[in-house]
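A short worksheet on the structure shown next.
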Amino acid sequence: MSDRRKQYPFDEIEARWQRHWEEKGTFRALSPGDPGFDPDKPKYYVLDMFPYPSGDGLHVGHAEGYTATDIVSRFMRMRGYNVMHPMGWDAFGLPAEQYAIKTGQHPRVTTDRNTDRFRTQLKRLGFSYDWDREINTTDPGYFKWTQWIFLQLYHAYVDDSGRARPIAELEKERAAACPEEGEADRRAYLDSRRLAYVAEVPVNWCAELGTVLANEEVKEGKSEVGGFPVEKRPMRQWMLRITDYAQRLLDELEVLDWPEGIKTMQREWIGRSEGAEVDFMLEGTGESLRVFTTRPDTLFGATYMVLAPEHPLVDTLTVAGQREAVASYRSEVANKSDLERTELAKEKSGVFTGGYAVNPVNDERIPVWIADYVLMTYGTGAIMAVPAHDERDHEFAQAFELPIREVVKAPGGDEAGESCFSGEGIAVNSGLLDGLETPEAKRTIIDWLEERGKGERKVNFKLRDWLFSRQRYWGEPFPILWREGKHEPLDECELPVEAPEMDDFRPTGTAEPPLAKAVEWVAYSDEAARETNTMPQWAGSCWYYLRFADPRNSESFLSPEAEQYWLNSRDQAGSVDLYVGGAEHAVLHLLYARFWHKVLFDLGYLSRNEPFHRLVNQGLILGPDSQKMSKSRGNVINPDDVIADYGADALRLYEMFMGPLEQVKPWSDRGVEGLYRFLGRVWRLFMDQNQEGEWVLSPTIVAEEPEKELNRLLHETIKKVTEDTERMAFNTAIAQMMVFVKGFTGADRRSASALRTFLILLNPYAPHLTEELNVRLSERLPGDGGDGKLELAEMPWPGHDESALAQNEVQFIVQVNGKLRDRIMVPAEIDKEALISKASASKARDFLEGELVKTIVVPGKLVNFVVRS
RNA sequence: GCCGACGUGGCGGAAUUGGUAGACGCAACGGACUUAAAAUCCGUUAUCCGAAAGGGUGUGCGGGUUCGAGUCCCGCCGUCGGUACCA
């Protein structure tokens with residue numbers, strides 16, 4: 001590129017305008033109370049998923065989503081909205097900490113360096129962020145409020161109506177209801193209801209990372225970060241009771257304007273299923289075994305039962321003769337990693353305990369097995385097996401030669417044969433249920449069970465409580481103390497709790513977090529010690545979109561005034577109007593943020609019950625080889641290089657022109673060049689180069705209105721670009737602007753006002769070039785401000801004039817039997833008779849032999865003759 | 001296996017409500033300018049038959065609905081993403 005001549009001096013232009021915007025504060029979003037705030041302007045909040053500032057710097061995928069939101073932001077500002085478009089840093093996280101371990105350099109240093117680099121890169125792309133609202137999750141002034149929100153969770157519970165309330169209210173109720181209760185019991189009861197609680201549960205321990213991970217962070221038995229093996233281990237950890245919100249997280253998803261795929265993924269992750277819990281008496285023990293089933297109508301077909309190997313009743317049930325087999329199976333399973341357990345899923349395994357249970361519906365005696373296809377973590381950790389109507393049970397029954405009894409007939413009538421039938425049908429061999437259809441049979445049997453106290457209706461969720469502590473240094477410390485083995489909250493006035501300075505960030509190799517090594521810090525007082533776990537990376541990103549509305553508030557996480565203005569759109573469920581980011585956060589960040597938002601909503605801090613009204617996922621940009629970009633493949637495109645060669649406007653425009661925003665699409669170096677050439681054509685539409693090689697305004701530009709055809713082209717372009725930008729179809733908007741440029745390039749008298757309008761249309765896409773040309777155009781046509789000084793960013797978006805689109809003659813197509821035979825030009829006001837007669841006189845007449853059945857006229861479009869030969 | 005998205009020229013893609021398939025860009029080819037090249041500008045470019053005029057075929061495959069289907073319906077095939085013993 002070095003010696004090739006530039007199409008236009010983009011480097012100089014872009015740097016200058018970026019400096020100008022920064023100095024002038026062009027894109028500052030004023031809040032209520034700010035000088036110059038206009039209360040009549042409607043607000044619009046456009047949010048990007050803020051990046052983790054990694055050492056690799058910005059990549060073209062960031063640039064894609066951020067360009068899209070920047071176009072929308074600039075567009076909406078020109079349409080009269082007060083637009084908030086902020087940016088910040090999700091800067092706690094593993095890479096900085098691992099780098100610190102390797103080099104001994106404090107993560108703060110790496111983080112600051114990386115955020116500086118990211119900020120510089122983003123500014124170089126000309127994004128219209130309000131940098132006064134920049135936030136960083138690792139700033140004490142920010143995480144003070146992350147810790148504060150944690151305390152709100154700690155001090156809250158969910159009442160019977162499903163709303164979060166202060167736990168103090170529950171404490172009062174409890175004291176009134178159980179006045180005799182001792183202090184320890186009272187405390188245990190309250191802790192069992194808190195939204196933030198401590199529990200000893202089997203958790204995902206990753207030895208390599210030296211920390212536990214949430215279910216959502218484990219993929220196929222490996223850590224999502226790094227791909228290291230993860231094992232289940234019982235550990236005492238902080239948990240958040242997200243399961244109390246399962247139903248609302250499901251229900252309140254409905255009205256959101258999100259991609260259907262993301263909604264489905266959240267629904268599946270929450271995994272609601274309706275059914276019943278049923279008690280089976282265990283023979284000879286006096287104890288009962290509770291199972292969960294979604295098909296209580298198949299109770300008569302239960303021919304055996306299965307417990308998860310970890311189930312507490314296994315020891316009670318196992319008979320002497322089976323003790324050895326059971327013990328060895330249990331230890332075999334315990335040694336399997338989650339990965340092995342799922343990989344071997346095809347082959348069913350299990351062992352008979354020797355014990356029997358009694359089916360409550362028919363008093364039948366059925367054997368109880370243990371098998372690892374039953375999970376301790378779902379339902380009750382035990383199932384009744386109905387091999388005739390459940391594939392897994394069927395497989396197991398075949399492997400161990402257990403009886404299979406059909407109790408549901410398929411509606412078609414014919415029997416399923418060898419394989420099992422798991423659909424709905426008519427109950428058979430089922431006593432009181434015989435002849436009933438499945439839904440009716442379910443209702444009947446549940447009523448029967450409930451009347452006899454042998455079972456009850458039950459809804460189960462796959463969603464588990466959120467494991468909220470990590471054994472890391474670079475995260476938010478918990479605002480919690482431990483005294484005599486009991487946790488207690490720090491007072492709000494002690495926030496933020498900052499991590500101590502340390503030289504050694506290494507994991508301890510045990511469950512003990514690195515912070516435990518800071519002995520002096522841990523010792524809060526003689527009796528009290530600080531919690532040494534830290535919060536997961538998701539904590540900071542759970543509420544950052546709220547903080548942008550009031551980023552410097554030191555008295556509160558968010559003032560009611562800012563909340564009312566920026567986060568309360570009365571006509572929609574969510575607070576943020578438009579949220580753009582990658583689909584990889586479908587069930588992590590987006591679920592956690594919804595949860596916190598609902599808690600804060602319930603506690604009265606927020607006006608809307610959902611955070612994000614409209615969500616758009618940008619598609620991945622692949623390398624030029626159509627493979628995922630990765631360092632090892634060597635197909636990574638660095639935006640810095642592209643900007644150096646072609647400029648930020650060309651990069652922005654190319655990424656928007658590649659195809660629909662949501663779609664996965666490969667990078668093409670040639671493609672960027674094409675858009676760069678387009679910008680060069682735009683430049684030369686306005687500018688000529690003189691003998692000295694200087695760019696001067698073209699003499700073809702005249703202060704007069706465009707002639708009719710060009711005026712139509714102008715208004716067609718206004719219409720199309722407006723509509724396409726509205727629906728975020730940026731690629732087709734750009735295509736139309738190319739057509740405009742082609743049309744006006746061919747004109748030797750170029751209307752200055754038409755060109756100014758065009759610059760407004762292109763401005764959100766290529767802000768630097770257009771602002772520059774606008775200034776130069778003002779020599780010929782002063783700006784709308786009267787003094788020629790008004791910038792495009794301050795101009796209103798144009799509307800199109802419908803009358804300019806009108807044409808004297810319009811084209812109709814002529815079809816015979818739906819097949820194109822000719823195109824004819826007719827007067828726009830032609831009546832139907834004349835149109836048909838003209839159409840039948842066209843080239844179509846050669847195909848009109850035979851009987852004319854009917855003639856179809858689509859106004860403004862076509863005439864179709866239907867002929868039978 | 002299940003759920004979701006998608007399948008259109010050599011390539012990226014367009015066709016918003018069923019109504020001209022291939023807008024726009026890339027690549028390729030031809031021409032202008034130039035001593036020459038680069039850059040720029042103009043033109044051609046789905047495919048088959050034909051010298052041409054013109055005609056046939058064509059949106060993954062097979063069927064259907066309709067005057068008319070890339071678009072709607074049924075059944076397949078393929079690619080990508082998610083998920084995986086959740087009873």
Side-chain angles (χ1 to χ4, degrees), chain A residues 3-7 219-220 259-265 267-269 271-273 275 291-295 298 306 341-342 344-346 348 371-375 377-386 389-393 395-396 422 460-464 583-584 586-587 619-620 622 626 654 657-660 662-675 677-678 680-681 684 720 723-724 727 729 731-739 742 745-746 811-823 843 846 853-856 858 860-868:
Chain A
D3 52 344
R4 212 195 303 165
R5 222 183 61 210
K6 287 195 180 77
Q7 294 263 349
K219 302 274 160 187
E220 291 171 0
E260 230 10 83
I262 300 288
K263 285 192 184 183
T264 303
M265 280 165 74
R267 280 188 206 110
E268 286 176 355
W269 189 264
R272 182 182 199 274
S273 56
V291 301
F292 174 72
T293 175
T294 54
R295 292 299 298 272
T298 62
V306 186
R341 224 166 136 159
T342 46
L344 300 171
K346 280 129 213 144
K348 289 278 179 292
D372 67 355
Y373 83 92
V374 173
L375 309 172
T377 47
Y378 184 76
T380 62
I383 62 157
M384 64 172 199
V386 185
H389 305 291
D390 181 284
E391 276 183 46
R392 295 151 302 181
D393 298 345
E395 254 179 61
F396 191 84
S422 56
N460 251 320
F461 293 93
K462 277 194 229 175
L463 185 69
R464 301 273 74 93
E584 67 273 18
V587 289
L620 212 59
L622 305 174
S626 290
Y654 170 63
F657 189 68
M658 291 171 85
E662 300 83 352
Q663 197 167 301
V664 180
K665 40 210 179 284
W667 183 269
S668 154
D669 290 323
R670 296 293 204 161
V672 199
E673 263 183 67
L675 274 293
R677 281 202 292 263
F678 167 65
R681 284 196 290 273
R684 292 192 304 274
K720 179 101 177 112
E723 288 171 359
D724 287 355
R727 61 189 181 101
N731 53 336
T732 50
I734 294 168
Q736 179 62 36
M737 291 191 273
M738 289 171 169
V739 173
K742 188 158 256 186
T745 300
Q811 184 187 257
F812 269 72
I813 64 158
V814 184
Q815 297 181 332
V816 176
N817 292 339
K819 208 168 245 227
L820 175 74
R821 291 304 173 188
D822 201 3
R823 302 177 166 90
K843 285 180 203 154
D846 299 343
V853 180
K854 62 174 155 174
T855 305
I856 287 151
V858 180
K861 286 240 164 81
L862 61 82
V863 179
N864 184 16
F865 298 108
V866 184
V867 174
R868 192 156 50 213

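The structure displayed is predicted, hence computed values, not measured ones. Just so we're on the same page: letters track the sequence lines, and every chain starts at 1.
Heavy atoms of A:G379 sit nowhere under 4.0 angstrom from any nucleic acid atom. Among the heavy atoms of the strands, none lies under 4.0 Å from A:T745. At the heavy-atom level, A:V306 lies nowhere under 4.0 Å from the strands shown. At the heavy-atom level, A:S668 lies nowhere under 4.0 Å from the strands shown. Counting any heavy atom pair closer than 4.0 Å across all strands shown, A:N731 reaches sugar-phosphate atoms only and no base atom. A:K720 comes within 4.0 angstrom of a nucleotide base, judged by non-hydrogen atoms across all strands. If you check every strand for non-hydrogen atoms under 4.0 Å, A:R464 touches nothing. Nucleic acid contact for A:R677: sugar-phosphate only, since backbone atoms but no base atoms lie under 4.0 Å from a heavy atom of the residue. Using a 4.0 Å heavy-atom criterion, one finds that A:R670 contacts the sugar-phosphate atoms exclusively. Using a 4.0 Å heavy-atom criterion, one finds that A:P259 contacts no nucleic acid atom at all.
Comparing A:R821 and A:T294 against RNA chain B, the residue whose closest nucleotide sits nearer the 5' end is A:R821. Between A:G271 and A:G671, the one whose closest nucleotide on RNA chain B sits nearer the 5' end is A:G671.
Of all nucleotides present, only B:U44 satisfies the Watson-Crick or G-U wobble test against B:A28, with each distance under 3.5 Å. Across all strands shown, B:G4 forms a Watson-Crick or G-U wobble pair with B:C80, both key distances being under 3.5 Å.
Residues A:R684 and A:Q7 have side chains that bring a donor and an acceptor to within less than 3.5 angstrom of each other.
A pairwise comparison of heavy atoms in A:M384 and A:T293 identifies CE-OG1, 3.7 Å as the closest pair.
Put simply, CD1 on A:I856 is 12 Å from C1' on B:G18, counting in whole angstrom units. Between the P atom of B:U83 and the CD atom of A:E584 lies a distance of 12 Å, rounded to the nearest Å. Straight-line distance from the NZ atom of A:K819 to the P atom of B:A21: 10 Å, rounded to whole Å. As a whole-Å value, the separation of A:K742 NZ from B:C24 P is 7 Å. Separating the CE atom of A:M738 from the P atom of B:G12 is a distance of 17 Å, rounded to the nearest angstrom. Atom CG of A:L675 is separated from atom P of B:G12 by 17 Å (rounded to the nearest Å).
A:Q736 has no side-chain polar atom (N or O) that falls below the 4.0 Å cut-off from OP1 or OP2 of B:A14. Put simply, A:T732 has no side-chain N or O that comes within less than 4.0 Å of OP1 or OP2 on B:A15. Within the structure, a side-chain polar atom (N or O) of A:Q663 is placed less than 4.0 Å from OP1 or OP2 of B:G13.
Using the six-membered ring where Trp is involved, A:Y373 and A:F396 have ring planes that are tilted, between 30° and 60° apart.
At a threshold of 4.0 Å, the pair A:R727-A:D724 counts as salt-bridged, since one of the basic side-chain nitrogens sits closer than that to a carboxylate oxygen. By the 4.0 Å N-to-carboxylate-O rule, A:E268 lies too far from A:K263 to be salt-bridged with it.
Looking at heavy atoms from C-beta onward, A:W269 lies out of side-chain contact with A:K462 at the 4.5 angstrom threshold.
Regarding the sugar-base torsion, B:G50 falls in the anti class, its angle being beyond 90° of 0.
Atoms CD1 and CD, from A:I856 and A:Q815 in turn, are 9.0 Å apart once rounded to the nearest 0.5 Å.
Taking atom P in both B:U40 and B:G25, the straight-line distance is 13 Å, to the nearest Å.
Checked against B:G19, B:A15, B:C41, the side chain of A:R684 finds its nearest nucleotide in B:C41. Comparing B:U20, B:A23, B:A87 against the side chain of A:Q811 picks out B:U20 as the nearest.
Side chain A:K462 to base B:U83: no donor-acceptor pair is found below 3.5 Å. The base of B:U20 does not come close enough to the side chain of A:Q815 for any donor and acceptor atom to sit less than 3.5 Å apart.
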